[in-house]
Amino acid sequence: MEKTPFLPPLMFLLLFATFSVTFSASITTDKSALFALKSHITHDPHNLLVTNWSTSTSICNWIGVTCGSKHHRVTALNLSSMDLTGTIPSQLGNLSFLASLNIRNNSFHGSLPTELTNLHRLKYLNFGNNSFSGEIPSWFGSFTKLQGLLLYMNNFIGVIPSTLGNLSKLEKLILYNNRLQGKIPMTLGKLSNLEQLELNYNSLSGQIPSSLCNLNSLVALFLSNNSLDGTIPECIGNLTSSLSHVDLRMNNFHGKIPENFAEGCRLKSFLISKNQVEGSLPRSLGNCKDLKLLDVGNNYLNDTFPNWLGNLDQLQVLDLRSNRFYGKVDSSDVTFTRLHVIDLSRNNFSGYLPVNFFENLHAIREGNGKKVKPEYMKDVMVGEKISFWLGLSFTTKGLETDFEKLLTIWTAIDFSSNQFFGEIPKTIGELHSLIVLNLSHNCLTGHIPSSLGDLSELESLDLSLNKLHGRIPTEFTNLGFLEVLNLSHNNLVGLIPHGKQFDTFSNDSYIGNLGLCGLSLSKRCDNDEGTPAKFDRDEDDDGLNWKFSILMGYGCGLVLGLSMGYIVFTTGKPWWFIKIYVRVQQRFVRKVKKRTL
């Protein structure tokens, strides 16, 4: 009985020893798992793991490794953007305390081992921008604590597993840019906490499932560049109390745009271009006061110009091209103060170019004058910045160009391929930040305003296939950034300005203007100094030169005639010459009088 007091300390030592052995074994397990990963990496160009992941230092000090403060177990592994090449070993599933796994922006490849299902504590998994292949494993549905699943920009094939609907805590499901096929699973409608659903750039086909209407927390819905069809669900309008970004471009949607965008709508971007949508623009879009980007191009919309959008003082990009919009562009009662990209090309707009519209484009008039630092158009969403302008396309520098990202200082006006007539407003020359101006394929007349030479930021100017006449303003030589110029197929005349950028433009910029001459053309002017040929003279100058020539000829003939007449008449010989002379003189005088009249 006297030895019993020694039992508790002994038991404590045994428990401590057991815990130490277990703890040490656990640390060894984590170290073994990370060494297994290191051995599966075949290319480490920056030697980040070779020099840092060694037995001489604690794994908690290894680059990319984060340990818990209590148990010193690996809780996070971040190897993103290290240019690593390799595969995922099965031993990685032994990191039983792992809550975050991020290996995005590398070159990992192969399939994913099933042993990853042991990562029961996993909350965040990012395998984006690698080269993984095969199907997305259905066992991803067992990560019940997962909040973010990002598998974008890989080579995954097959269908989206319906088991992902079991991830009740999931906030981000980002699978864009793979080779996924089939329907969008109805089970995704059970993800009540989902904020981002990005399935764009795949080969998905079935209408948008009605179950997605249950996603009341959804902020971003990106389904573009698939083969989806059917109509755009009416519930999209009902979800706009939470939805900020909707991208349905490049699908086969038909029917009309939902008309129930409610008051309090939070939409910042709405993109449905390159579908088969018809009807008119719903006036309820005017409830979306935060709307920055509206892209409805390449559809079958039939409507007048939506001047009511001018009440949206956040609107920056408006794309209505390749539809059936018609009538005048009138915005006399509203202003598009922040608009800096507008594309109305390939519609049936008519009438004069709207002077008041250009006068109110304050973002283009003043934007670069402040010399702000260029940055990409982004939006802070769910704790991170995302680019919601991905994949926009505009005609610039003569070609339709896809913009992976769009700079805030990029400005463009495209009114081409409509039925506008009249003169080009001089006020366009006050849009000092303008980079692209395309007014081609219309019925514009008159002279090219010299004020366009004040557009110091202009890189692309297309005025081709109109009825413009007169000279090319010499002020155009001030356009130091101009890379593309198309003035072809007009009625322009005179000498092409010489100097700076104009010396780089080829004959293609001017073809179809028979009255032009200069160094850029095979058709020269009168001399190498650039003196205009006679077709280059103004009408008033031509008239004066013609009369001057007649008077000179008449004067010379008169002097010569009087001299010869004096000789002939004083001698009286020969008499026959006198008769002929008198008749010719009378005829010449009558002809001169007739032409001068």
Show every donor-acceptor pair shorter than 3.5 Å between a side-chain atom in residues 82-100 and any protein atom, with sequence neighbours excluded, or say none if there are none.
from, atom 1, to, atom 2, distance (Å)
Asp83, OD2, His46, NE2, 2.8
Asn94, ND2, Gln91, O, 3.4
Ser96, OG, Arg73, NH2, 3.2

Donor-acceptor pairs under 3.5 Å, side chain of residues 213-221 to any protein atom, not counting sequence neighbours: which ones?
from, atom 1, to, atom 2, distance (Å)
Asn214, ND2, Ser211, O, 3.3
Ser217, OG, Ser192, O, 3.3

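- Here Phe261 and Phe270 bring their ring centres to under 6.0 angstrom of each other.
- Using a 4.5 Å heavy-atom cutoff, the side chains of Val436 and Asp414 are not in contact.
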Under 3.5 Å, side-chain donor or acceptor atoms of residues 158-167 against the rest of the protein: list the pairs with distances, not counting sequence neighbours.
from, atom 1, to, atom 2, distance (Å)
Thr163, OG1, Ser138, O, 2.7
Asn166, ND2, Thr163, O, 3.3

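- For Phe108, there are no ring pair (Phe, Tyr, Trp, His ring centres under 6.0 Å) partners two or more places apart in sequence or in a different chain.
- Under the rule for a side chain to side chain contact (heavy atoms under 4.5 Å, CB included), the partners of Asn118 that lie at least two apart in sequence or sit in another chain are Glu115.
- Taking a 6.0 Å sphere around NZ of Lys123, one finds it holds 12 or fewer heavy atoms contributed by other residues, nucleotides or ligands.
- Under the side chain to side chain contact (heavy atoms under 4.5 Å, CB included) test applied with Leu339, the options Leu318, Thr411, Leu309, Ile364 reduce to a single match, Leu318.
- Ring to ring, Tyr176 and Tyr201 are not that close: their centroids are 6.0 angstrom or more apart.
- Remark: His120 engages no residue in a side chain to side chain contact (heavy atoms under 4.5 Å, CB included) (not counting sequence neighbours).
- With contacts defined as side-chain heavy-atom distances shorter than 4.5 Å, the pair Thr114/Trp139 qualifies.
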